[in-house]
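Just so you know, these numbers come straight off a predicted model, no measurement behind them.
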Amino acid sequence: MPFLYKKFFEIVPQNNITEFKATSGVNIIQFLIPAVNGATLSTQDLMLSGNLQINTDDATPYAQGAFGNDGISLDSVLGVHNIIDRVDLISMRGNTLVEQRLNYQLISKYQRGVQAETNLINGRFNNQQMCSSSVRGSRNFLGRANLDDDGQDFACQLNTGLMKNNDQVLNLQALGGLMVKIYLTEPINGFFNIDPSAGTRIGNNFNYTLKNIKLFGRYNYMTNDVLNSLSGVSYRKTDNLISVVQSSNDTNTNMPQVMSLHKMVYVYQPNKETSNNKDVNNTACNQVTGLKQYLLSMNGVRMPLDYSVDINPTIQNLPASSGLNNRVAGNAEQSYLAISALNDQFPPTHSLVNAKNQAKALDDQFVDKNESTLNVDVIGMNYSFNFEGYTVAVPNDLMSINVESAVNTADGNLPDGTGTARDIIGQSATQNLFIEYDAQLSYASMTSAR
């Protein structure tokens with residue numbers, strides 16, 4: 001699309017608030033991007049920047065001398081995204097909510113499963129986002145010398161449909177300006193103890209502070225004729241449909257009610273470890289414990305797969321004498337389908353879906369530590385079937401998944417709460433069904449069609 005010229009801008013939060021805290025302070029960052037005559041907004045260029053400070057209590061900075069062998073860290077795949085709980089985008093024309101990204105952390109985690117471990121090591125695609133291939137690598141970004149130190153600087157693109165999966169510019173005049181509201185997560189939800197039994201750990205007054213927050217972006221100026229032709233914008237939207245896996249053989253059914261379905265991704269979380277647990281990674285994307293098989297269906301008919309995907313070998317069928325790091329179960333087809341869904345294509349470019357990360361995640365559950373957060377082990381189905389731009393209309397269709405697992409069983413070789421292991425097998429699990437589909441925002445009605 002031709003532009004007359006481009007102009008960069010940098011804005012600060014409303015009311016000139018200089019510090020934000022999830023607790024004992026202001027926990028909502030609010031930006032107003034004003035409507036400028038003749039200008040559109042390039043969302044691909046919007047970057048949130050600032051400094052992150054970590055305090056082990058109200059007056060003690062998290063200094064590198066306190067790291068030891070373990071310490072406090074955050075999800076190494078998410079980095080600074082792990083402290084964002086929700087993002088709202090509001091049109092100032094009528095104060096209308098045009099997009100709300102709930103479950104920001106989990107959505108960002110599974111979508112970043114297309115990264116490679118080498119990318120996380122070297123900082124590719126993650127520059128200034130505090131990402132790493134290990135939790136100790138991300139921990140190293142959190143240290144600072146004293147309270148006068150502003151902390152680690154960061155810059156990241158907000159992960160919402162309009163901000164990231166939108167290839168078109170926004171007509172700011174039609175929107176009347178755009179308000180961006182960022183909700184910070186609780187400290188014990190965004191951070192965790194690497195070893196809950198040793199080293200520096202999260203205390204009662206643990207907190208973090210964001211300083212020098214700015215939003216950097218770019219206006220693209222156009223002629224009035226081109227502006228008047230921009231009647232709406234299309235983007236990829238993500239919703240979460242929540243169910244619960246309560247037994248070893250559960251069928252959960254949902255109705256997406258969308259006209260352009262791209263993919264469905266199932267992420268499972270043990271209910272006691274879903275949020276605000278400082279001793280576990282609250283944004284882990286591990287598989288439901290002891291998965292045996294799953295079956296997808298639509299309106300009671302097996303579709304798009306007319307068979308169940310069997311996991312062979314299952315972890316519970318492996319020899320009890322096998323080393324913990326070698327306890328890897330799975331099915332190549334399950335991984336193929338998950339990788340295809342995450343990448344929107346096959347063969348993929350990269351993926352964190354692999355046996356190495358699965359083994360490390362299981363080992364953490366056995367020894368009650370958080371030494372790796374790389375695992376993205378999901379059930380995924382790509383309804384574009386690897387054809388670019390292809391979608392499926394499911395306006396009134398019932399989409400079901402039958403999951404056979406070890407939930408609430410006495411199966412062996414699984415974390416059951418004995419010894420140092422967490423009791424994963426004894427918990428029901430939350431099933432997060434993330435559906436990604438095409439949405440169309442109309443400037444006239446200021447609504448998004450599904």
Is there a donor-acceptor pair closer than 3.5 Å between any side-chain N or O of [X] and the backbone N or O of [Y]?
X      : Y      : result
Ser243 : Gln431 : no
Glu404 : Leu291 : no
Ser138 : Ser73  : no
Thr200 : Ala66  : yes
Asp310 : Gln293 : no
Gln157 : Leu48  : no
Arg139 : Asp70  : yes
Asp423 : Gly426 : yes
Ser134 : Gly137 : yes
Arg201 : Pro196 : yes

Checking Asp85 against Arg101 for the salt bridge (Lys or Arg N to Asp or Glu O under 4.0 Å) test, could you report, in this order, the C-alpha distance in whole Å, the side-chain angles of both residues, the deciding distance, and whether it holds? CA-CA 9 Å; Asp85 205 43; Arg101 174 56 58 91; over 6 Å; no
Report yes if some heavy atom in the side chain of [X] is under 4.5 Å from a heavy atom in the side chain of [Y]; otherwise report no.
X      : Y      : answer
Ile424 : Leu414 : no
Ile83  : Tyr208 : yes
Lys292 : Ile311 : no
Gln115 : His350 : no
Asn331 : Asn312 : no
Asn277 : Lys272 : no
Tyr307 : Glu333 : yes
Val180 : Ile182 : yes

Please report the closest heavy-atom contact between [X] and [Y], naming both atoms and the distance.
X      : Y      : value
Thr160 : Glu99  : OG1-OE1, 3.4 Å
Pro187 : Ala22  : CD-CB, 3.9 Å
Phe192 : Val280 : CB-O, 3.3 Å
Lys164 : Leu158 : CB-O, 4.0 Å
Thr185 : Asn82  : CG2-O, 3.5 Å
Pro256 : Arg450 : O-NH2, 2.6 Å

Hey, what do you get for [atom1] ([X]) to [atom2] ([Y]), rounding to the nearest 0.5 Å?
X      : Y      : atom1 : atom2 : answer
Gln287 : Leu362 : CD    : CG    : 12.0 Å
Ser448 : Leu441 : OG    : CG    : 4.5 Å
Ile242 : Asn252 : CD1   : CG    : 12.0 Å
Thr56  : Phe206 : OG1   : CZ    : 8.5 Å
Glu10  : Ser49  : CD    : OG    : 6.0 Å
Asn254 : Ser400 : CG    : OG    : 8.0 Å

Go through the structure and list residues passing salt bridge (charged side-chain N to carboxylate O under 4.0 Å, His left out) with Lys356, not counting sequence neighbours.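 Scan of Lys356 (salt bridge (charged side-chain N to carboxylate O under 4.0 Å, His left out), adjacent residues dropped) gives Glu117.
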Sequence neighbours excluded, the answer for salt bridge (charged side-chain N to carboxylate O under 4.0 Å, His left out) partners of Asp153 is none
Quiz item: cation-pi between Arg86 and Tyr104, 6.0 Å / 45°: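 No, Arg86 does not lie over the aromatic ring of Tyr104.
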We want to know whether [X] and [Y] form a side-chain donor-acceptor pair, criterion being a heavy-atom distance below 3.5 angstrom.
X      : Y      : value
Asp364 : Asn370 : no
His262 : Ser384 : yes
Asn207 : Thr23  : yes
Asp377 : Asn286 : no
Gln111 : Glu436 : yes
Arg144 : Asn55  : yes
Asn408 : Gln246 : no
Tyr110 : Asn432 : no

One pair to check against side-chain contact (heavy atoms from CB on, under 4.5 Å): Val378 and Tyr268. What are the steps and the verdict? CA-CA 8 Å; Val378 300; Tyr268 296 90; over 6 Å; no
Between Phe67 and Tyr62, is a ring-ring contact (aromatic ring centres under 6.0 Å, His included) present by the stated rule, with each step listed? CA-CA 8 Å; Phe67 286 175; Tyr62 186 29; 5.0 Å; yes
Check this for me, if you would: do Arg422 and Asp368 make a salt bridge, where the nitrogen-to-carboxylate-oxygen distance has to be below 4.0 angstrom?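 Asp368 and Arg422: salt-bridged.
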Salt bridge flag under 4.0 Å for residues Asp88 and Lys181: no
Please indicate whether Lys278 has more than 12 foreign heavy atoms, meaning atoms of other residues, nucleotides or ligands, lying under 6.0 Å from its NZ.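 No, NZ of Lys278 has 12 or fewer neighbouring heavy atoms, counting only those of other groups under 6.0 Å.
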Give the C-alpha distance, both sets of side-chain angles, the deciding distance and a yes or no for side-chain contact (heavy atoms from CB on, under 4.5 Å) between Val394 and Met399. CA-CA 9 Å; Val394 287; Met399 315 287 282; 4.2 Å; yes
